[in-house]
Protein chains: 2
Amino acid sequence: MTASQTKGISILLVDDHPVVRQGYRRVLETQSDFDVTAEAEDATSAYAAFKAHLPDVVVMDISMPGASGLEAIRNIRLRAPRARILVFSMHSEAVLVKAAFKSGASGYVTKSSEPMVLVQAIRSVARGERAMSDDVAHVLALESLSPSASVFEQLGEREIEILRQLAAGSTQEQIASNLNISMKTVQNYQSLIKTKTGMRTDAQLVRLAAEYGLTSL
Amino acid sequence: MTASQTKGISILLVDDHPVVRQGYRRVLETQSDFDVTAEAEDATSAYAAFKAHLPDVVVMDISMPGASGLEAIRNIRLRAPRARILVFSMHSEAVLVKAAFKSGASGYVTKSSEPMVLVQAIRSVARGERAMSDDVAHVLALESLSPSASVFEQLGEREIEILRQLAAGSTQEQIASNLNISMKTVQNYQSLIKTKTGMRTDAQLVRLAAEYGLTSL
DNA sequence: CGGTGGGCCGGGAAATCTTCCCGATCTTGC
DNA sequence: GCAAGATCGGGAAGATTTCCCGGCCCACCG
């Protein structure tokens, strides 16, 4: 049923910036066996687009407003376990990379990579392999060696997402609404995050998050 | 000497992400009177590229690693006061926008804008006009209405010092001790600072302070 | 299987922090 | 002297934080 059976690789682009999507297209259309069949601009519409087009590979930025990109990945993989998702992100911090793979991503390429790195990575994941850019591999490799786990190591995915939104300046109410949980739960997580990381104030959390690239600032 | 005299608008692209630069190119090359003559990938090389090509318009992302994009703007305008610089950013916070214009930018367009918005903005700044995307205008307009004209200038010395320590991660208790005042006073200041600046959470205060260079981070 | 551990979700209650009110002092400038 | 404004803090109501608890689901293991 997918377009991949006979010839090219069909691709769904997910990014909230139109111009960046244009950039994907420009790079990808130089490859005759690539076919960009759809685009989506947020996590929620990503699954709809996936269902409608059943692309061979989803190329996705995970730092999008609102719902987490990680959740979108899980969402897609839940209903389509054979989906191949390639994360294309500004950040290469180990926490994020590991979270992405754990959520079901097949590859991870940073936006600072040369365009051809993205192209090669797409081919790899389309073949069912894992792929990542050099810088990501470097980060992961170092991470796997050091027994000194980063502060984030001990944070669950939910905790990381809440920390990210907190650091971005969202109020508890907004976070609760974004994640469809109660404010009480947000408060409990916030408190838990502080004890786990050893931070005492919200301000320290912001700085911690910024240090690890969780927020742009 | 520049290429603009007779026909098209020559453009220098500055962004640290190759793929994003491809996106610029793709959009801009649809315009027959545009001519993307150079690219740069960081703030420091931006001036060199400007000097070498003397483009009519510089399209620049200001959130780049290392040196501040704002500094690059100032750098260019210092030696070439007639340079036209259009900021193209992910963020539209009033502080950033104002800082950009203050540094010498001629326009400000967010990356979430439709591509044609960027195109029109480039034409505007090439004509010597100011230009910005709707969302940026919205933010600035609201800002100009609020009694907090400059958000920051209206803070007293004591308020700024407390904001600085807060943003640095100090607890109320530490601040009170440092300044030899009661915690209650610190709390009152903190509250006052929020209302004056329009920030709602501590996290937003940290980001505000960081954007103004109040804290290193 | 059933048990165990972990992540996720929230209630309860006391402690703490925030907000918005108020008055006090002190300096500055007219 | 007097007004303005910066600094300092109390009081009280409301919101947040902390720490405790139990329930749910899922993955792993004996």
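Labels below follow one simple rule: chain letters A, B, ... track the order of the sequence lines, proteins then strands, and each chain is numbered from 1. Just so we're clear, the structure is a prediction, and the values are computed from it rather than from any experiment.
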Legend entry - 5' priority, DNA chain D, between B/K184 and B/E159 [closest heavy atom]: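 Mapping each residue to its closest nucleotide by heavy atoms, the 5'-most match is B/E159.
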
Does the side chain of [X] come under 3.5 Å of the side chain of [Y] through a donor N or O and an acceptor N or O?
X      : Y      : answer
A/T37  : A/D35  : no
A/D56  : A/S10  : yes
B/D202 : B/Q190 : yes

Legend entry - salt_bridge(A/R200, B/E173) N-O dist < 4.0 Å: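 Looking at A/R200 and B/E173, the cut-off is not met.
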
Rounded to whole Å, how long is the line connecting atom [atom1] of [X] with atom [atom2] of [N]?
X      : N      : atom1 : atom2 : answer
A/E161 : C/dG7  : CD    : P     : 17 Å
A/L192 : D/dC21 : CG    : C1'   : 14 Å
B/Q187 : D/dT7  : CD    : P     : 18 Å
B/L166 : C/dC17 : CG    : P     : 12 Å
A/N180 : C/dG10 : CG    : C1'   : 15 Å
B/Q190 : C/dC20 : CD    : C1'   : 15 Å
B/R158 : D/dA6  : CZ    : C1'   : 11 Å

Inset, instruction - Could you work out which one of C/dC20, C/dG10, C/dC8 sits closest to the side chain of A/Y189? - result: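 It is C/dC8.
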
Inset, instruction - Could you work out which one of C/dC17, D/dT18, D/dG9 sits closest to the side chain of B/M183? - result: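 The closest nucleotide is C/dC17.
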
Inset, instruction - Identify whether any heavy atom of A/D202 sits under 4.0 Å from a base atom; if not, whether one sits that close to sugar-phosphate; answer base, sugar-phosphate or nothing. - result: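 Sugar-phosphate, no base atom in range.
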
Inset, instruction - Report yes if a donor N or O on one partner sits less than 3.5 Å from an acceptor N or O on the other, where the partners are the side chain of B/N188 and the base of D/dC8; otherwise report no. - result: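 Answer is no: no donor-acceptor pair is held.
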
Inset, instruction - Give a yes/no on whether any side-chain N or O of B/T185 is located under 4.0 angstrom from OP1 or OP2 of D/dG9. - result: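 Checking D/dG9 against B/T185, a side-chain N or O does come within under 4.0 Å of OP1 or OP2.
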
Legend entry - Short side-chain N/O contact to C/dC9 OP1/OP2 from A/S182, under 4.0 Å: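 For C/dC9, OP1/OP2 do not have a side-chain N/O of A/S182 under 4.0 Å.
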
